Amino acid sequence: MPRPTTFADAVAPYPDARFVVLGVPFDRTTSFRPGARFGPDSIRQHSWNFESYDLETGIDLADVPVHDLGNTDEFGSASEMVESVRGEVAKIYADGKVPIVLGGDHACAPPCVEAFPSGGPSIGVLYLDAHLDFRASYLGDPRSHACSSRRMLERVGARNIVVLGVRSVSREEVDDNRSIGMPTVTAHEIARDGIEASVDRALGMLKTDRVYVSLDIDAIDPAFAGATGTPEPFGLTPRDVKLVLDRVAPRLVGFDVMEVSPPYDQGNTSALAARLVREAIVRVAASRRDR
Ligand code: MN
Ligand code: MN
């Protein structure tokens, strides 16, 4: 496959864009198997697979102004990465655009939430993940991908983040969360109650008008998205996540896809990630159009 320079149809100049793609090729905090640093370029490659016309909304993605900034630099430490990504994403928000960030391991997501301007309207986070990512610190690094929901919570507050699809936790995380109270909708509850009721419940818990969605691709079952650092059975289906994006679109102010690890990919995980990015863009575009 040729190596494309941009996400598919991301041809708008930056000043005209409503959506801005940024890749973060960083996976230095992966705890099981690495490779997510190759995620941004693999997701871009697979994005060219799809037709630009969307059957459900009638929107042609070629008509939606998207700009691709390319990848950030590479970084020697998570704290350097955080500093830089926070700065780049802050500029995207300040320019009134929706950032779409391609990881990278999940350590790349908190700076995208921290970059949201403070002092104005508040932001809620819908955090899709097999894991709780709620450690105060992991292997000596508070910026590890095992700590990402906790770092976001510190920015937005415990009532403004919900973890959806979780099914793998440590006892320490559960004990810590007893006093902190970050809400979760587990994968087992989704299986019991159905995805529609579960998504409505999760979104109902977020009282902010503006919602940021962080998608750890391992929220989805390894049968569909096995190319990831820490695959975990009993996950969501791709259609479940599509429904999440459809429902959250009117409130969506930022989106990321993290933890796609191309060395383990037959192509389906990267294709799914690219398709979900396109779904987010088209659904947000449709919700603004219908308003
Ligand atoms: Mn994660
Ligand atoms: Mn995870």
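All ligand and atom numbering here is 1-based and tracks the order in the structure. Positions are given from 1, in the same order as the sequence printed here. None of the values given here were measured: they were computed from a predicted structure.
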Notebook entry, point to check: Arg143 side chain to Arg151 main-chain N or O, any donor-acceptor pair under 3.5 Å?
Noted result: no
Item checked: Atom name, Asp129 (N, O or S, nearest to the Mn ion (ligand 2)) -> OD1
Next item on the list: Tell me yes or no: between the side chains of Asp133 and His145, is some donor less than 3.5 Å from an acceptor?
Entry: no
Item checked: the Mn ion (ligand 2) - name of the N/O/S atom of Asp216 that sits closest to it -> OD2
Item checked: Between CG on residue Asp218 and OG1 on residue Thr230, distance to nearest 0.5 Å -> 4.5 Å
Notebook entry, point to check: Would you call Asp68-Arg44 a salt bridge at under 4.0 Å N-O?
Noted result: yes
Notebook entry, point to check: Restricting to N, O or S atoms of Asp133, which is nearest to the Mn ion (ligand 1)?
Noted result: OD2
Margin query: I'd like the atom name of the N/O/S atom in Asp218 lying closest to the Mn ion (ligand 2).
Written below: OD2
Checklist line | Atom of His131 closest to the Mn ion (ligand 2), considering N, O or S atoms | finding: ND1
Check: Where do Asp141 and Thr29 come nearest, in terms of heavy atoms and distance?
Finding: OD2-CG2, 4.1 Å
Check: Between the Mn ion (ligand 1) and His106, is there an N, O or S atom separated by less than 2.8 Å?
Finding: yes
